[in-house]
There are 2 protein chains.
Amino acid sequence: MEAFHRIWKKWRNLLVYGFILGMLIISLRLLRWKYMIADQSLEIFIGIVALFFMGLGVWIAMQLVKTKSKDSANTESVPDQELLSIDEIALKKLQLTKREKEVLGLIVKGYSNLEIAEALHLSVSTIKTHVSNLYSKLDVKRRGQAIDKARKLRIVK
Amino acid sequence: MEAFHRIWKKWRNLLVYGFILGMLIISLRLLRWKYMIADQSLEIFIGIVALFFMGLGVWIAMQLVKTKSKDSANTESVPDQELLSIDEIALKKLQLTKREKEVLGLIVKGYSNLEIAEALHLSVSTIKTHVSNLYSKLDVKRRGQAIDKARKLRIVK
DNA sequence: CCGGATTTGGTACTTTAGTATGAACCACAT
DNA sequence: ATGTGGTTCATACTAAAGTACCAAATCCGG
């Protein structure tokens with residue numbers, strides 16, 4: 001039963017495409033007898049058909065190529081309902097101030113200093129000061145190291 | 001002249017496809033006037049046109065995503081005994097090259113470009129190139145964003 | 001009220017990161 | 001044979017990050 005299910009899953013889309021194709025052909029035939037009287041519009045009709053089916057071909061190919069996963073591929077935000085509890089002890093040991101924690105939180109989200117400044121309604125100079133002090137306390141020298149360390153210490157979400 | 005050459009290289013394929021398309025349309029029109037006398041064969045003709053252009057669409061789409069088949073060939077079966085399993089599907093969609101994946105792995109560890117260069121026995125220039133291409137594929141502009149996105153997509157450990 | 005810590009912001013400077021462009025090479029497929 | 005993608009590296013430039021040092025305002029406990 002499982003084998004059947006797998007096979008079905010594999011070829012289901014193809015069958016659906018075939019069905020859609022058949023429906024389209026039938027409807028096109030009907031359309032033709034309904035509206036195709038003038039000879040000069042026949043060219044246009046054929047052109048439309050050609051373009052439409054080319055687009056359909058592109059779409060089908062895309063469907064076939066893309067590994068069908070609507071789950072997490074292009075979704076921008078992955079829900080982090082994970083039980084990633086913050087290590088409060090490690091956080092306290094660092095003696096970070098309120099602002100420094102805020103800044104760190106934005107740094108790990110990939111914010112630039114300018115973006116942090118705008119988010120907190122501060123100047124870039126101030127952010128740089130906080131960032132610099134933050135690095136001293138975290139014992140790192142660069143942004144990337146700070147992010148890595150913050151995650152490893154589990155002091156950020 | 002150099003600028004023209006660059007642009008030409010970039011858009012050549014698109015122009016070629018457009019040209020072929022135009023040629024096909026013209027030839028189809030000629031064919032129609034040559035052989036399309038009987039009314040009942042018009043249906044068949046339209047069907048052929050539709051199928052042909054659908055195939056053309058498939059072909060074009062395949063050309064556009066051609067490189068995927070090479071990469072995805074050997075990464076089909078991946079054992080995920082990892083605790084923190086990485087999203088192979090999302091990873092495949094990004095079409096990152098081998099080097100780009102390596103560089104990304106070191107970036108999320110907080111390595112500087114110089115450190116990455118030393119770790120991989122390459123020059124900083126090369127690392128910068130890889131990093132730049134990586135950012136394009138990840139659709140980000142900075143290191144921190146790349147780290148954040150890589151973690152959210154779960155394409156790194 | 002005083003004093004230390006925090007917060008804010010500035011100037012000046014160095015370092016790192018990032019972009020744009022070009023070139024050369026190789027592997028591989030058409 | 002030719003073309004394409006990937007890799008490597010270079011130069012030249014701009015942007016962002018980071019350091020060092022300073023100084024003022026604010027907050028808060030003793």
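To find a chain, count down the sequence lines: A is the first, B the second, and so on, and within it residues start at 1.
Under the side chain to side chain donor-acceptor pair (under 3.5 Å) criterion, the residue pairs touching residues 131-140 of chain A are A:E100-A:K137, with sequence neighbours excluded. Screening residues 120-136 of chain B for salt bridge (charged side-chain N to carboxylate O under 4.0 Å, His left out), with sequence neighbours left out, gives no hits.
With axes fitted over five pairs at each extremity, the angle between the ends of the helix from C:dC1-D:dG30 to C:dT30-D:dA1 is 50° (10° resolution).
To the nearest 0.5 angstrom, A:K149 atom NZ is 8.0 Å from A:L94 atom CG. A distance of 12.0 Å separates OG1 of B:T126 from CD1 of B:I116, quoted to the nearest 0.5 Å. Taking CG of A:N113 as the reference point, atom CD1 of A:I107 lies at 6.5 Å (rounded to 0.5 Å).
Rounded to whole Å, the distance from NZ on A:K101 to C1' on C:dT7 is 15 Å. We find that NZ of A:K98 is positioned 12 Å from C1' of D:dT26, with the value rounded to whole Å. Separating the NE2 atom of B:H130 from the C1' atom of D:dC9 is a distance of 10 Å, rounded to the nearest angstrom. With rounding to whole Å, B:R99 atom CZ is found 16 Å from C:dC26 atom P. For the pair B:L96 CG and D:dG5 P, the interatomic distance rounds to 16 Å; values are reported in whole Å. The nearest whole Å value for the distance from the CG atom in B:N133 to the P atom in C:dG18 is 13 Å. Atom NZ of B:K128 is separated from atom C1' of D:dT8 by 15 Å (rounded to the nearest Å).
With sequence neighbours excluded, no residue forms a side-chain hydrogen bond (donor to acceptor under 3.5 Å, both in side chains) with A:K141. Residues that satisfy the side chain to side chain contact (heavy atoms under 4.5 Å, CB included) test with A:S125, not counting sequence neighbours, are A:S123. Every residue two or more places apart in sequence or in another chain that forms a salt bridge (Lys or Arg N to Asp or Glu O under 4.0 Å) with A:K152 is listed here: A:D148. Under the side chain to side chain contact (heavy atoms under 4.5 Å, CB included) criterion, A:A150 pairs with A:L104, A:V108, A:I155, A:V156, not counting sequence neighbours. B:R99 meets the side-chain hydrogen bond (donor to acceptor under 3.5 Å, both in side chains) test with B:E102; sequence neighbours excluded. Qualifying side-chain hydrogen bond (donor to acceptor under 3.5 Å, both in side chains) partners for A:E118, counting only residues two or more places apart in sequence or in other chains: none.
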Derivation and outcome, salt bridge (charged side-chain N to carboxylate O under 4.0 Å, His left out), residues A:E115 and B:R142: CA-CA 12 Å; A:E115 288 169 344; B:R142 282 184 303 280; 2.8 Å; yes
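Using a 4.0 Å cut-off on heavy atoms, the residues of residues 141-151 of chain A that approach DNA chain C are A:R142, listed by number. Within residues 102-127 of chain A, the residues having any heavy atom under 4.0 Å from DNA chain D are, by residue number, A:S112, A:N113.
Smallest separation of non-hydrogen atoms from A:A119 and A:L106: CB-CD1, 4.1 Å.
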Contact list (N/O, under 3.5 angstrom) for nucleotides 20-24 of chain D vs protein:
none

